[in-house]
Q: 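Once you've had a glance at the structure underneath, I'll fire off some questions.
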Amino acid sequence: MLNSDCAMENFDLIVIGAGPGGYEAAAEAAALGRRVAVIERDELGGTCLNRGCIPTKALCRSAEVAMTVGNSSEFGISAGEPVIDLPRIMARKDEILAGLRESVGMVLNDVTVIRGEAKFICASTVEVNGECYTAHEIIVATGSRPVMLDIPGKELALSSDEILSIQTLPSSLIIIGGGVIGMEFASIFSAFGVKVTVLEYCKEILPPFDVEIAKRLRTSLKRRGIEIVTSAQVTAINPGLTVEYEVKGKSKTAEAEQVLMAVGRRPVVPEGLDGIGVRFERGAIAVDDNMKVLFDGSAPENVTLYAIGDVNGRCMLAHAAYMHGLVALGKAKLTDIIPAAVFTWPECAMVGLTEEQCAAAGRQIKIGKAMFRSNGKALAMGEPDGLVKIIADSETDELLGCHICGAHAADLVQEVATAMTAGLKASAISTAVHAHPTLTEVVKAAVPK
Ligand code: FAD
């Protein structure tokens with residue numbers, strides 16, 4: 001099916017998709033002296049920079065400022081009620097994104113950036129706007145897109161992409177899905193004064209997180225006035241924005257001015273790949289531990305294909321995509337020690353195994369816990385609501401996991417992630433001197449004896 005009219009240009013490596021997986025891999029490969037092209041059909045930076053990590057964190061910061069101003073009297077400061085200027089908040093976010101897109105452009109200085117949609121003509125050749133490009137190595141880094149539940153009225157709901165550019169604050173918002181993305185938006189919009197209701201299908205919010213941490217977050221967010229309904233199966237969205245759902249067989253409804261659907265993401269697979277025998281697992285491109293694409297029959301001989309980041313469905317996080325890129329280039333080994341965070345207020349973060357996963361695996365464990373409320377820095381910050389939980393093997397003291405709910409959880413969990421990566425025992429954390437007064441002292445205090 002090769003298009004014979006197609007002009008052909010050859011590279012050492014072609015990367016499809018300039019998200020965090022693709023652009024970092026392309027820049028790393030170019031730094032090794034290889035002739036690299038990256039193909040992007042949209043803005044540089046992918047989901048992470050344009051519709052994910054960064055825009056949500058810009059909104060999280062505005063939400064935090066609104067909460068801090070709202071609570072200012074607690075700190076002896078009179079500031080009055082905060083006024084939420086959503087267009088200005090969105091404009092600030094967009095300024096941050098524009099600056100970062102420029103930085104990505106600079107990171108790609110030694111890479112040929114091709115604008116347009118890549119389609120596979122054969123395993124070693126892709127076509128973009130009628131031009132053909134070949135390489136002996138191709139990295140597919142095409143990311144993912146939001147999934148919308150196939151229910152009546154689904155078109156009435158906003159996706160996570162769409163809610164990032166609304167200019168008018170709704171008075172009320174129903175969020176379908178209590179995962180990481182749904183809970184971040186719940187925390188943000190509640191801080192902006194919106195009445196938020198979360199409808200989650202599972203028994204607990206944040207399904208991949210340790211249940212104790214998720215429960216703690218749910219309690220904190222409920223205290224902030226967010227309504228959270230678990231075990232809720234949404235069945236329809238009606239005009240006027242009434243959402244129908246069932247809880248334990250009972251039909252219920254909820255009403256709001258806007259509905260956000262945040263029920264997960266699906267890999268984006270470039271056109272033509274399914275025609276060359278690539279294996280798929282639950283819609284994702286199947287790869288081995290070197291990120292090499294698996295084939296149902298024999299693999300093509302003249303090219304090595306890799307799939308990194310969200311498109312391989314292994315771990316839908318920006319830093320995982322980056323790590324996958326390094327693995328594909330042979331510059332790193334695959335690891336499952338990958339910290340994850342949800343930037344709610346309070347923040348939650350985790351690395352390694354949860355208590356439930358340890359129990360399912362029959363591991364003999366010891367658990368240490370420490371509370372933010374007994375930490376001087378947390379009290380001085382006005383952030384007493386928090387918990388650090390560390391899990392270690394009861395025989396060997398091997399660090400198995402760390403789970404945090406509380407201020408700066410995402411930063412704090414990194415100490416344990418680094419210790420786990422270095423193969424350190426749990427006692428290494430309690431032996432290390434921690435600066436006083438800092439939140440890291442809570443991590444130290446949580447090391448199980
Ligand atoms: P992407 O970033 O999705 O990039 C893929 C790129 O490929 C896109 O630019 C797309 O346009 C391009 N592309 C697709 N098909 C083609 C084609 N055929 N031809 C050319 N180009 C193509 N992760 C975190 O780690 N921390 C967070 O705080 C966080 N927050 C998030 C918040 C939200 C609301 C969302 C939606 C996601 C968040 N994520 C977060 C997840 C993170 O954004 C993704 O895991 C990450 O972007 C995946 O990177 P990637 O390189 O695999 O793909």
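Ligands are counted one by one from 1 in listed order, and the atoms in each one are counted from 1 as well.
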Q: Judging by distance only, is a nitrogen or oxygen of L317 under 3.5 angstrom from one on ligand 1?
A: yes

Q: Taking only heavy atoms of I181 into account, list the atoms of ligand 1 that are under 4.0 Å away from them.
A: 33 (C), 34 (C), 35 (C), 36 (C)

Q: Using a strict 4.0 Å cut-off to heavy atoms of D42, name the atoms of ligand 1 that fall inside it.
A: 11 (O)

Q: Of R218, K195, K222, which meets salt bridge (Lys or Arg N to Asp or Glu O under 4.0 Å) against E227?
A: K195

Q: Can you pull out the closest protein heavy atom to atom 4 (O) of ligand 1? Residue, atom name and distance to 0.1 Å, please.
A: G19 CA, 3.4 Å

Q: How far is atom 11 (O) of ligand 1 from its nearest protein heavy atom, and which residue and atom name does that atom have?
A: E40 OE2, 2.6 Å

Q: Mind checking whether K57 contacts ligand 1 via backbone (N, CA, C, O), side chain (CB onward), both or neither, at a 4.0 Å heavy-atom cut-off?
A: side chain

Q: Is R223 salt-bridged to D385, going by a charged N under 4.0 Å from an acidic O?
A: yes

Q: Under 4.0 Å from any heavy atom of G309, which atoms of ligand 1 are there?
A: 52 (O)

Q: With a cutoff of 4.0 Å, is V311 in contact with ligand 1, counting heavy atoms of the residue only?
A: no

Q: Assess the residue pair T230 and E200 against the criterion (side-chain hydrogen bond (donor to acceptor under 3.5 Å, both in side chains)); give the C-alpha distance rounded to whole Å, side-chain angles, the decisive distance to 0.1 Å, and a yes or no.
A: CA-CA 5 Å; T230 52; E200 165 56 42; over 6 Å; no

Q: List every atom of ligand 1 that sits less than 4.0 Å from any heavy atom of F343, numbering the atoms from 1 in the order shown and giving each element.
A: 28 (O)

Q: How far is atom 41 (C) of ligand 1 from its nearest protein heavy atom, and which residue and atom name does that atom have?
A: M316 O, 3.8 Å

Q: State the atoms of ligand 1, each with its element, that fall below the 4.0 Å cut-off from a heavy-atom position in A321.
A: 49 (O), 52 (O)

Q: Give me the residue, atom name and distance of the protein heavy atom closest to atom 51 (O) of ligand 1.
A: G21 N, 2.9 Å

Q: Can you name the closest pair of heavy atoms from L108 and A27 and give their distance?
A: CD2-N, 4.4 Å

Q: So between S159, S160, G116, A118, whose heavy atom ends up nearest atom 17 (C) of ligand 1?
A: A118

Q: Among all protein non-hydrogen atoms, which one is nearest to atom 47 (O) of ligand 1, and what is the separation to 0.1 Å?
A: C48 N, 3.2 Å

Q: Looking at E40 and R115, is any side-chain nitrogen of the basic one under 4.0 Å from a carboxylate oxygen of the acidic one?
A: no

Q: Check N50 against ligand 1 and report side chain, backbone, both or neither, counting heavy atoms closer than 4.0 Å.
A: neither

Q: State, to 0.1 Å, how close A232 and L199 come at their nearest heavy-atom pair, and which atoms those are.
A: CB-CB, 4.3 Å

Q: Under a plain distance cut-off of 3.5 Å, with no hydrogens placed, do E415 and H434 share a side-chain donor-acceptor pair?
A: yes

Q: With a heavy-atom distance limit of 4.0 Å, tell me whether A341 approaches ligand 1 through its side chain, its backbone, both, or neither.
A: neither

Q: Hydrogens and angles aside, do S187 and R224 bring a side-chain donor and acceptor to less than 3.5 Å of each other?
A: yes

Q: Could you list which atoms of ligand 1 come closer than 4.0 Å to a heavy atom of S144?
A: 3 (O)

Q: Looking only at the side chains, is there a donor atom on one of N50 and R101 sitting less than 3.5 Å from an acceptor on the other?
A: yes

Q: Out of T47, I163, I308, D310, indicate the one that has the non-hydrogen atom closest to atom 44 (C) of ligand 1.
A: D310

Q: Nearest protein heavy-atom contact for atom 37 (C) of ligand 1: which residue, which atom, what distance?
A: G52 CA, 3.8 Å

Q: Looking at non-hydrogen atoms alone, which of V15, T142, I16 comes nearest to atom 14 (C) of ligand 1?
A: T142

Q: What protein heavy atom lies closest to atom 40 (C) of ligand 1? Include the residue and the distance to one decimal.
A: C53 SG, 3.2 Å

Q: Provide the closest heavy-atom pair for V269 versus G283 in the form atom of the first, atom of the second, distance.
A: CG2-O, 3.9 Å

Q: Under 4.0 Å from any heavy atom of G143, which atoms of ligand 1 are there?
A: 1 (P), 3 (O), 5 (C), 52 (O), 53 (O)

Q: Should the proximity of R265 to ligand 1, defined as any heavy atom under 4.0 Å, be assigned to the side chain, the backbone, both, or neither?
A: side chain

Q: With a 4.0 Å heavy-atom cut-off (strictly under), which part of A318 contacts ligand 1: side chain, backbone, both or neither?
A: both

Q: Among side-chain atoms of S171 and E257, is any donor-acceptor pair under 3.5 angstrom?
A: yes

Q: Of all the heavy-atom pairs spanning G325 and A25, show the shortest one and how long it is.
A: CA-CB, 4.1 Å

Q: Any chance the side chains of S144 and D310 put a donor and an acceptor closer than 3.5 Å?
A: yes

Q: Can you list the atoms of ligand 1 that are under 4.0 Å from a heavy atom of A141?
A: 5 (C), 6 (C), 7 (O)

Q: Provide, to 0.1 Å, the distance between atom 13 (N) of ligand 1 and the closest protein heavy atom, together with that atom's residue and name.
A: R41 NE, 3.9 Å

Q: Looking at A378 and F372, what are the two nearest heavy atoms and their distance?
A: CB-O, 3.3 Å

Q: Between the side chains of H324 and N312, does any donor sit under 3.5 Å from an acceptor?
A: yes

